Amino acid sequence: MVTSADELARYVELTPEERAGFAASEQLFRVGLTPYYAGLMDKQHASCPIRMQAIPRAVEADIRDEELRDPLGEDSRNPAPSIVHKYPDRVLFLVVDRCGIYCRHCNRRRLVGGDEPPTTSDLEAGLDYIARTPRVRDVLLSGGDPLLLSTRRLGYLLGRLRAIPHVETIRLGTRLPVVCPMRVDDELCAMLRLHHPLFINTHFNHAKELTPEARGACERLADAGVPVGNQTVLLRGVNSSVRSLRALMRGLLRARVRPYYLFQGDTVIGTDHLRTPVEAAQELYRGLRGWMNGMAVPMLVLDAPGGGGKVPIVPSYIESHDEQRVVVRTYRGARIEYPQPRERDCAVAYDDIYFAGEPADDDSEPCR
Ligand code: SF4
């Protein structure tokens, strides 16, 4: 792991601003990245998207009143150690506190860094909570980066989760295909195969990260039957242009990765300089929708501060509507009328037959 300015200076010529960033971040959020990722940096230009994601800037210390340590309100939704239960039918299982890179935009910077790893009893308590909570249909392993666990340890946890009858799907959130693609080896893929249905969401933010090695990692996962999705964070000056986003999304599809979310930046401390105005995010989205294969277009969302959950902030393409017609604006700007149907009742009569005897979903608030 590259952790200091002196070590990084072997890869790039650091600017005074970057050196000042190292000094300013000492008390705020650790620096760390893999040698592989450092090797992708542009040696001359500090505006390189790899450098901007990995190297702190002094402005990180300029914390604004509205910035939060826990922007997603996770710390108040912990029914068990290592569990965040925010949405009705799924939980976040924080199984490790280390990452392969400490991203300057990270919304979980308060938790990651390797100082207080979850203990075995924390993980057991998390597994126990999931096992005794039947409403949990889906578990997202995150942290930190779960692929930093040994293959054996990760396989053990996945096996325990798979043994819980009501857990239908398991997801892993990982940045290792981006920053350490060699971690995705045959042994890991063989283990993952045993635990389907299993999904991976990774986190590419720029086409420059889609190296042959990274694409190979994604393809190995796909070959192991793991659908791979991508969550991009919109970062000012890193990927906040239509050209950059189109190249990234198209490159992801070529690597068999489905763009999933495009996140508006969270209000986490020390990241104001990396956030885009919401109107700019919507304008960027307009540059994607319709201009590319729809599978390449991620959902633009904002994670509501305080734990409200993800809210789509896709711009509206509806100009007006009533019971007779809807007027839409196409991606090319044309106004077109869509006639409404005459019948307005959408109830499905067969639901009562097909779902007879099945309890309805429990949509109440899971944690207070
Ligand atoms: S890999 Fe994910 S959890 Fe780790 S620092 Fe980056 S964004 Fe945060």
Side-chain angles (χ1 to χ4, degrees), residues 1-3 8 21-22 25 28-38 40-41 49-57 60 67-75 82-84 86 92-118 140-149 154 171-184 199-206 208-209 214 217-218 228-236 238-239 248 257 260-271 273-275 298 301 303 310:
M1 197 88 169
V2 178
T3 59
L8 198 56
F22 268 95
S25 69
L28 294 170
F29 182 38
R30 67 171 292 187
V31 176
L33 60 150
T34 59
Y36 162 83
Y37 200 64
L40 303 185
M41 290 180 173
I50 311 290
R51 285 170 75 153
M52 289 185 69
Q53 290 182 71
I55 305 177
R57 303 292 153 106
E60 280 190 26
E67 291 182 328
L68 302 167
R69 267 190 89 247
D70 175 22
L72 308 187
E74 294 176 338
D75 291 349
S82 71
I83 294 285
V84 177
K86 193 158 80 171
L92 194 56
F93 191 11
L94 303 174
V95 294
V96 64
D97 70 343
R98 288 171 295 125
C99 298
I101 175 176
Y102 294 98
C103 312
R104 304 329 294 172
H105 55 276
C106 180
N107 61 21
R108 223 172 265 147
R109 54 167 60 196
R110 73 193 184 284
L111 295 179
V112 298
D115 292 337
E116 289 179 57
L140 171 56
L141 268 65
S142 185
D145 200 310
L147 290 196
L148 283 179
L149 295 174
L154 182 59
R171 293 179 290 161
L172 294 171
T174 174
R175 238 196 144 184
L176 287 201
V178 184
V179 301
C180 187
M182 47 297 285
R183 169 66 182 104
V184 183
F199 299 79
I200 283 188
N201 279 319
T202 187
H203 179 170
F204 287 89
N205 285 331
H206 196 275
K208 196 167 197 270
E209 296 169 332
C218 296
V228 185
N230 187 69
Q231 310 195 149
T232 296
V233 180
L234 192 53
L235 296 168
R236 196 177 67 88
V238 175
N239 56 14
L248 171 61
V257 177
Y260 176 37
Y261 281 131
L262 176 60
F263 281 107
Q264 171 70 17
D266 295 318
T267 53
V268 66
I269 51 174
T271 61
H273 61 295
L274 290 171
R275 289 196 290 134
V301 294
D303 228 327
K310 296 178 190 71

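Keep in mind that this is a model prediction, so the values were computed, not measured. Computed over heavy atoms, backbone and side chain alike; hydrogens, waters and symmetry mates excluded. Both ligands and their constituent atoms are indexed starting at 1 by order of listing.
For the 3.5 Å distance criterion, the side chains of Thr174 and Asp145 qualify, holding a donor opposite an acceptor. A donor atom on one side chain and an acceptor atom on the other are not found under 3.5 Å apart for Asn201 and His203.
The shell of residues lying under 4.0 angstrom from ligand 1, judged by heavy atoms, excludes Asp145.
At least one N/O/S atom of Cys99, from backbone or side chain, sits under 2.8 Å from atom 4 (Fe) of ligand 1.
Each of Ile200, Val228, Leu140 was evaluated against Leu172; a single residue qualifies, Ile200, per the side chain to side chain contact (heavy atoms under 4.5 Å, CB included) test.
Looking at atom 6 (Fe) of ligand 1, its nearest protein heavy atom turns out to be Cys103 SG, 2.3 Å.
Residue Tyr102 approaches ligand 1 through these ligand atoms, each under 4.0 Å from one of its heavy atoms: 5 (S). The Ile101 neighbourhood of ligand 1 comprises atoms 1 (S), 4 (Fe), 5 (S), 6 (Fe), with distances under 4.0 Å to a heavy atom of that residue.
Closer than 4.0 Å to atom 8 (Fe) of ligand 1 lies at least one heavy atom of the protein.
Nearest heavy atom pair, residue Val268 against residue Pro71, reads CB-CG, 3.8 Å.
Contacts of Phe263 classified as ring pair (Phe, Tyr, Trp, His ring centres under 6.0 Å), with partners at least two apart in sequence or in another chain: Tyr261.
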